[in-house]
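Scroll down for the structure; my scribbles are underneath it.
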Amino acid sequence: SSEHLIMMVSDFLDISRIESGDMNYNFADVDMKKLVLDTVDGMKQSATHSHLDLYLTVEGKEEASFITIGDEGKLRQVISNLIDNSIKYTPRGEIQTCLSKSSDGKKIIFSLSDTGIGMSPDTLEKIFKKFSRAEGVNKVYTEGTGLGLYVAKEIIKKHEGRIWAKSDGEGTGSSFYVELDAKQ
């Protein structure tokens, strides 16, 4: 309960900072490969506890660079939020995460696909809006505030990137994508 309360207060503080323009960002080189590896590794126990398999694929050569300019803490918050949401809204099955680069090498793409509850087209349209939650999610996870994806969208917007979701409908799982500029 205390962890949930801390997360809620943190989300509300982030909203306040975003809307007042007071959100501080510390932009520097960020190794997205290390960030994603560490984040996925740190969340495997939570997935296992929920009887889910959590996988990570890094596409490209072993020595491929996945460096972007960004705020490492804020980017970790976004990736953690997406994985955490998938864990919460996937009653059984698996979560596949992937780190790749666009064909021209100019973009770094983090993607996540789960076998969870999926989303209707109406939900997809509003999922990144403030206080928005998918219809029927209360049956699966009752404690969400509908702020996490809004905060994630605002953080990625400050990084001049894109975040979006896809789903073939309720009961079909969901996919989320984050695209950031690769440091050239």
Taking atom types as modelled and ignoring hydrogens, do the side chains of Ser102 and Asp104 form a donor-acceptor contact shorter than 3.5 angstrom? yes
Does a side-chain heavy-atom distance below 4.5 Å link [X] with [Y]?
X: Thr172; Y: Ile117; answer: no
X: Asp71; Y: Asn24; answer: no
X: Ile108; Y: Glu179; answer: no
X: Leu35; Y: Glu72; answer: yes
X: Lys129; Y: Tyr150; answer: no
X: Lys153; Y: Val78; answer: no
X: Thr97; Y: Ile79; answer: no
X: Phe110; Y: Val36; answer: yes

[X] versus [Y], closest heavy-atom pair with distance:
X: Leu54; Y: Ala47; answer: CB-CB, 3.9 Å
X: Glu94; Y: Tyr55; answer: OE1-CE1, 3.6 Å
X: Ser80; Y: Met43; answer: O-CE, 3.6 Å
X: Met119; Y: Phe176; answer: CE-CZ, 3.8 Å
X: Met32; Y: Thr68; answer: CG-CG2, 3.7 Å
X: Asp181; Y: Glu160; answer: OD2-O, 4.3 Å

Give a yes or no on whether the backbone of [Y] and the side-chain of [X] come within a donor-acceptor separation of less than 3.5 Å.
X: Ser113; Y: Ser175; answer: no
X: Ser167; Y: Gly169; answer: yes
X: Lys101; Y: Ser65; answer: yes
X: Asp114; Y: Ser174; answer: yes

Would Asp84 and Lys88 count as a salt bridge (Lys or Arg N to Asp or Glu O under 4.0 Å) if you check the C-alpha gap in whole Å, the side-chain angles of each, and the deciding distance to 0.1 Å? CA-CA 6 Å; Asp84 188 53; Lys88 289 174 187 167; 2.7 Å; yes
Any Lys/Arg nitrogen of Lys34 or Asp38 sitting under 4.0 Å from an Asp/Glu carboxylate oxygen of the other? yes
With a 4.0 Å cut-off on N to O distance, would you call Asp29 and Lys183 a salt bridge? yes
Answer yes or no: does atom NZ of Lys158 have more than 12 heavy-atom neighbours from other residues, nucleotides or ligands under 6.0 Å? no
Nearest-0.5 Å distance that lies between atom [atom1] in [X] and atom [atom2] in [Y]:
X: Leu99; Y: Leu112; atom1: CG; atom2: CG; result: 12.0 Å
X: Gln96; Y: Thr57; atom1: CD; atom2: OG1; result: 5.5 Å
X: Lys33; Y: Leu56; atom1: NZ; atom2: CG; result: 9.5 Å

Tell me which pairs pass salt bridge (Lys or Arg N to Asp or Glu O under 4.0 Å) where either residue lies in residues 45-57, with sequence neighbours left out. none
In the single-linkage hydrophobic clustering (I, L, V, M, F, W, Y; side-chain heavy atoms under 4.5 Å), do [X] and [Y] co-cluster?
X: Val178; Y: Ile67; result: no
X: Leu149; Y: Ile109; result: no
X: Ile155; Y: Trp164; result: no
X: Tyr177; Y: Tyr89; result: no

Just jot down the salt bridge (Lys or Arg N to Asp or Glu O under 4.0 Å) partners of Lys157, sequence neighbours excluded, or say none. Glu154
